[in-house]
Amino acid sequence: EVQLVESGGGLVQPGRSMKLSCAASGFTFNNYDMAWVCQAPKKGLEWVATISYDGSSTYYRDSVKGRFTISRDNAKSTLYLQMDSLRSEDTATYYCASLGGGFDYWGQGVMVTVSS
Amino acid sequence: DIQMTQSPSVLSASVGDRVTLSCKASQNINKNLDWYQQKLGEAPKLLIYFTNNLQTGIPSRFSGSGSGTDYTLTISSLQPEDVATYYCYQYNSGLTFGSGTKLEIK
């Protein structure tokens with residue numbers, strides 16, 4: 001069974017950093033591109049970042065470029081999102097997702113609240 | 001950036017109805033479109049990829065169609081468990097979700 005389990009969320013002050021993790025199991029992690037998608041409270045879905053299967057290519061939405069870094073450790077089957085210089089508008093539930101045909105598997109999500 | 005407009009924003013229908021949800025792109029997206037279902041309090045789920053391909057395990061009452069800028073998700077016979085918000089998503093140029101259609105039972 002495919003499982004994606006996010007961790008690392010919580011309350012953080014504006015301007016500070018937070019690192020999210022997503023532990024994958026049940027599939028060959030290093031064969032898949034992976035992504036982070038976020039959802040602000042009571043809002044729609046927004047793509048955040050994507051990383052290629054081998055980590056050689058990364059892509060970001062404009063609003064997080066230069067502040068967020070997506071990375072992966074294929075030996076640990078784990079995806080990461082390093083979030084720096086956090087802003088109140090980054091408050092959201094963050095989902096990790098695998099990229100098969102579409103975002104075919106999703107984690108349960110982790111909440112990040114940016115507030116003083 | 002490509003904008004994705006979903007309509008209606010809220011749809012109320014009866015069990016057994018045929019339901020059609022629309023998604024319009026601001027430019028041609030060459031069928032590079034997926035549909036996702038998100039039930040309250042849950043993670044999204046992939047229903048349809050590349051316009052009309054049913055994801056494994058998804059009931060056959062769901063289908064997708066479209067081309068160019070106009071795309072449709074159809075539920076042939078609405079079931080109570082289909083209550084959810086449905087999002088289209090384009091990956092032809094940039095990556096953009098629509099704003100969603102909330103589907104309710106009348």
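Protein chains get the first letters and strands the later ones, always in sequence-line order, with residue 1 at the start of each. Just so we're clear, the structure is a prediction, and the values are computed from it rather than from any experiment.
Applying the disulfide bond (SG atoms under 2.5 Å apart) test to residues at least two apart or on different chains, the pairs with a partner in residues 23-106 of chain B are B:C23-B:C88. Under the disulfide bond (SG atoms under 2.5 Å apart) criterion, the residue pairs touching residues 29-116 of chain A are A:C22-A:C96, with sequence neighbours excluded. The stretch residues 77-95 of chain B participates, sequence neighbours left out, in these salt bridge (Lys or Arg N to Asp or Glu O under 4.0 Å) pairs: B:R61-B:E81, B:R61-B:D82.
A:L45 and A:F68 are assigned to two separate hydrophobic clusters, defined by single-linkage of ILVMFWY side chains at heavy-atom distances under 4.5 Å. Cluster membership check: B:V83 shares its hydrophobic cluster with B:I58, using side-chain heavy-atom separations under 4.5 Å among Ile, Leu, Val, Met, Phe, Trp and Tyr. Note on B:F97: it does not cluster hydrophobically with A:V48, by side-chain heavy-atom contacts below 4.5 Å among ILVMFWY residues. Residues A:V37 and A:V5 fall into different hydrophobic clusters, defined by Ile, Leu, Val, Met, Phe, Trp and Tyr side chains chained together at heavy-atom separations under 4.5 Å.
Closest approach of B:A43 to A:G107, counting heavy atoms only: CB-O, 3.2 Å.
If you take CG on A:L99 and CG on B:L46, they are separated by 10.0 Å, rounding to the nearest 0.5 Å.
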Please tabulate, one pair per line, the N or O donor-acceptor pairs under 3.5 Å between chain B and chain A.
unit_1	atom_1	unit_2	atom_2	d
B:Y36	OH	A:F103	N	2.7
B:Q38	OE1	A:Q39	NE2	2.9
B:Q38	NE2	A:Q39	OE1	2.8
B:Q38	NE2	A:Y95	OH	3.4
B:Y87	OH	A:Q39	NE2	3.4

